[in-house]
Each structure stands twice: as structure tokens, then as C-alpha cells.
> 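Let me give you the structure first, and then I'll get to my questions.
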Amino acid sequence: MTMTQEMEPTSSTIFTEDELNAHQAFRHAFPFFRNNAELTYLDNAATTQKPQGMIDAIADYYANYNANVHRASHQVADKSTRAYEKAREDVRHFINAPSSKEIIWTKGTTESINLVAQSLAFSRYFRQGDEILVSALEHHANFVSWQQLCKKLKLKLVIAPVNAQGIDLNACLALINNKTKLVAISHVSNVLGSIQPINAIINKARLHKALTLVDGAQAIAHLPVDVQKLDCDFYAFSAHKVYGPTGLGVLYGKSEILNALTPYQYGGEMVSNVSTDDACFSELPHKFEAGTPNIADVIGLGATLNFIQAQDKTALALYEKKLYLALYQGLASIPGVKLQGSEKGTSAISFTVCDWHVQDIAELLSQMGFAVRVGTHCAQPLMQVLDTEKGTIRVSLCAYNTYAEIQALINALQSLEDFV
Ligand SMILES: Cc1ncc(COP(=O)(O)O)c(C=O)c1O
């Protein structure tokens with residue numbers, strides 16, 4: 001063995017035994033990897049894989065106690081209602097919200113953000129000329145929702161500048177003033193993987209009595225989230241990005257604000273009293289949950305969160321951090337690769353390769369068994385800043401990915417050099 005070979009990092013030189021054990025136990029819980037042994041799944045920012053416990057919990061609900069919630073008094077309805085509300089409590093605990101009444105079920109991050117935007121509009125919170133601050137790196141869900149509201153209500157959409165590392169904090173803070181009525185910022189960029197300085201932004205917004213909404217879609221699976229420490233007014237995320245089911249999301253909101261808001265969707269279960277003239281809305285959280293909810297997936301998310309809580313979370317987080325660093329450094333070492341973001345990010349890394357069209361690279365990688373994402377990632381304003389109209393290649397990892405997978409991707413990209 002040569003000196004260079006001896007120095008090559010390996011899984012066991014990078015990670016501690018605890019970190020490797022935590023990773024292996026975690027990965028083992030996901031049947032997807034046994035069923036797709038030839039595939040290297042690195043598209044976790046789009047959606048994450050699902051643990052067996054979640055799949056079993058959903059099947060168990062449908063097979064054994066399928067009944068609508070909060071409507072009937074029979075036994076099976078009682079069981080489904082208890083399981084459904086227990087999951088709400090699991091979410092409360094996961095993000096350290098003060099009360100499960102502040103946890104509202106939605107279809108996903110997108111609907112959570114739209115719920116806030118439309119309910120604020122219905123509540124006449126904004127006046128003509130007020131300002132809403134977003135950043136140029138937002139996912140379209142947290143950009144277009146506010147852009148369109150501004151157009152409709154004649155508000156001003158203020159866009160905090162960003163660079164390839166993330167939000168320009170000083171410039172962002174300077175844009176918050178007494179006209180700012182709402183600040184909507186993502187916790188982690190879905191393109192750059194950069195962790196945004198949301199504490200400083202929330203604090204400045206609070207000084208000016210502006211509401212704050214954090215889009216947590218890309219943070220929830222990768223960072224500890226404590227909404228009381230953050231002191232944001234709203235926090236939105238999707239279940240499917242934290243190993244949970246698709247078609248389900250969460251909106252956390254402070255109860256004093258949610259209580260003051262007028263809901264924008266009407267129907268069964270969100271009303272306590274209805275006459276021909278008017279209706280009284282139910283207490284939180286039901287007032288924002290019109291119609292039959294996504295019961296099975298709520299129960300599935302509860303099972304997922306219990307599974308996550310039972311892992312060695314500290315070791316898993318360290319494992320994922322080191323894996324990210326290895327990926328970043330590996331990509332940086334390939335000639336012709338232009339990286340965005342920095343090694344301080346989490347999960348997602350974006351890059352382009354020389355003059356290659358990103359779509360061609362994705363096609364070649366797909367043929368080699370890699371699932372990565374290419375395109376503009378629902379973040380076109382950011383693509384303008386990065387000056388990559390056709391988008392980037394995005395690799396996004398989770399704690400179940402292996403060092404061997406990262407190495408294989410880097411080798412595959414290195415082999416593309418031969419085509420140049
Ligand atoms: C930062 C961010 N916000 C919002 C969304 C929208 O999430 P969903 O499509 O689950 O509603 C995504 C999805 O990729 C995202 O990455």
C-alpha cells in the first residue's frame with residue numbers, strides 16, 4: 001500500500017463508531033434501500049424515503065381502525081381520533097411548540113404558507129403600501145404566494161438580496177422598518193443548502209412589530225427546530241421531507257395570532273354553530289381544518305416522529321454533517337465543477353460542470369444509477385442571481401446515505417471529465 005492510499009479517508013476514519021452505528025440502524029429501517037439496491041438516492045430535498053414503521057402505521061389504521069375523526073362517538077372513531085390527536089401532540093413535542101392547539105394540519109409547506117397569506121388577507125391585516133419582506137432565494141411557495149398577495153392588495157414586495165452563500169444579512173436587516181408587516185424567510189435554502197441567519201432576522205422583525213414566517217421545509221429533517229427559541233410567529237413544513245407521508249403538512253402558529261385570524265376555508269368541523277345568517281368558528285386548531293382531514297397520513301407522521309425520536313439523534317446529526325463535508329470537499333476537488341453554497345450548509349449542494357448542460361449530466365448520472373435533481377428547483381429568482389438560467393445539479397443527502405454512495409458519485413462525476 002502506498003502512502004497516498006494509506007492517507008485516503010475511509011468511512012471508519014471519518015466517522016466514530018457511534019456515528020456509524022446510528023447511521024446503520026437508521027438506514028436499516030428504510031425498506032426502499034433493500035428494494036432498490038442498484039440505486040443511489042441523493043434527491044432527499046425533493047422528498048425523503050419512508051421508514052417501515054410509518055408504512056405499517058398507515059396500513060394498520062386502514063386495516064384495523066379506519067373511521068372519521070371528531071365526528072362520531074362509536075369506539076372505532078374514538079380510537080382513530082385519539083391516534084390522530086396523539087400525532088398532533090408528537091409534532092408539538094418535535095418542534096417544542098407550547099400547545100398542540102398551535103399545530104394545524106395542511107397539505108404541505110405550500111398550503112401552510114398560503115393559509116397564512118390568505119387568512120391575513122381575510123383578516124384585513126394589511127393596508128395599502130405595507131411591505132412584505134422575502135429573500136431572493138425563496139422557494140416559489142414562499143415567494144409567489146407573497147408576490148401575488150402584494151399585487152392583489154397593493155402591498156410592496158421587498159426582496160432581500162442574496163449571494164451564492166445565502167442571504168446577505170446586513171442588507172436584509174436594513175430592509176426591515178416600520179412599514180414591514182411580515183417577513184417570510186426560509187430556514188434552509190433548497191438550492192444552496194445554506195442555513196439562513198433567521199434568529200437575527202426574526203429579532204429585527206420583532207423590534208418593528210412585523211410578523212415572521214419561517215419556511216422550514218428543508219430544515220425539519222436536518223436541524224433541531226425549537227419554535228419557542230426561534231420566537232417566530234409561524235413555522236411551516238411538509239411531512240414528506242422529514243421521512244413522513246406525502247400530502248400532509250404542518251403550520252405552527254402562535255395561538256394569540258391564530259385566534260385573531262379569520263380562516264379562509266369553510267366547511268364541516270371548523271364551525272361550532274351555524275345559523276342561516278352566520279357561523280361561529282371552532283376553537284384552535286380546528287377552525288383552520290375544514291373538511292375531513294388526511295387522517296392516515298397524520299397517524300403515519302406520528303409514527304415517523306416517534307421513530308426519529310428513538311434514534312441516537314446526536315450521533316446521526318454528526319454523521320450527516322461529516323457526510324455533507326465529505327461531499328462538498330469531494331465535489332470541490334473535481335476540475336470544472338462550480339459549487340454554490342458553502343461547506344457550512346446542510347443536506348443540499350448545487351453545482352454546474354464546465355460548459356455541460358445540467359440536463360445532460362443528470363441523464364448520464366441517471367444511467368449510472370444516481371438519483372439527483374437538475375433544474376431551477378422552484379427557485380427561479382435565485383437562478384438569476386447565480387446567473388445559471390438552466391439551473392444547477394442538486395445533490396441532497398440524509399443521514400441514511402453512505403460514504404460509499406458519496407464516493408461513487410464523485411468518481412462518476414470525475415469520469416465525466418473523459419467526455420470533455
Ligand atoms: C424551501 C421549500 N419551501 C417550500 C417547499 C414546498 O414544499 P411542498 O411542495 O411539500 O409543499 C419546498 C419543496 O421543495 C422547499 O424546498
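Counting starts at 1 for both ligands and their atoms, following the listed order. Here, residue 1 is the first one in the sequence, and each next residue gets the next number.
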> Determine whether the side chain, the backbone, both or neither of T109 has a heavy atom under 4.0 Å from any heavy atom of ligand 1.
both
> Nearest 0.5 Å, please: how far is CG in L397 from OG1 in T346?
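With rounding to 0.5 Å, OG1 (T346) is 7.5 Å from CG (L397).
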> Atoms of ligand 1 less than 4.0 Å from N190 heavy atoms?
16 (O)
> Determine whether any heavy atom of K241 lies closer than 4.0 Å to an atom of ligand 1.
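Contact present.
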> Only one of V395, T392, I334 clears side-chain contact (heavy atoms from CB on, under 4.5 Å) with F351; which?
V395
> Looking only at protein heavy atoms, identify the closest one to atom 16 (O) of ligand 1 and say how far it is in Å.
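I find the closest protein heavy atom is Q218 NE2, 2.7 Å.
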> Quick check: D215 and ligand 1, any N/O pair under 3.5 Å apart?
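Between D215 and ligand 1, an N or O pair is found under 3.5 Å apart.
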> Going by side-chain contact (heavy atoms from CB on, under 4.5 Å), T106 matches just one of V250, N294, I113, L251. Which one?
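With T106 as partner, side-chain contact (heavy atoms from CB on, under 4.5 Å) holds for just one option, L251.
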> Looking at atom 9 (O) of ligand 1, what's its closest protein heavy atom, distance included?
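Checking every protein heavy atom, the shortest distance to atom 9 (O) of ligand 1 gives T110 OG1, 3.7 Å.
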> If the threshold is 4.0 Å, N to carboxylate O, is there a salt bridge linking E89 and R92?
yes
> Checking salt bridge (Lys or Arg N to Asp or Glu O under 4.0 Å) against E19, which of K313, K322, K321 comes through?
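Considering K313, K322, K321, a salt bridge (Lys or Arg N to Asp or Glu O under 4.0 Å) with E19 is found only for K322.
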> Run the numbers for me: atoms of ligand 1, each under 4.0 Å from some heavy atom of H240, listed by number.
10 (O)
> Tell me which one of F32, F307, F26, F94 satisfies ring pair (Phe, Tyr, Trp, His ring centres under 6.0 Å) with Y243.
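Among F32, F307, F26, F94, the one meeting ring pair (Phe, Tyr, Trp, His ring centres under 6.0 Å) with Y243 is F26.
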> Indicate, as side chain, backbone, both or neither, the part of S238 found under 4.0 angstrom from ligand 1 when only non-hydrogen atoms are considered.
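Side chain only.
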> Closest non-hydrogen protein atom to atom 15 (C) of ligand 1, residue and atom name please, with distance?
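Its nearest protein heavy-atom neighbour is H139 CD2, 3.3 Å.
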> Mind checking the CD1-CG spacing from I361 to L365? Nearest 0.5 Å is all I need.
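The CD1 atom of I361 sits 7.0 Å away from the CG atom of L365.
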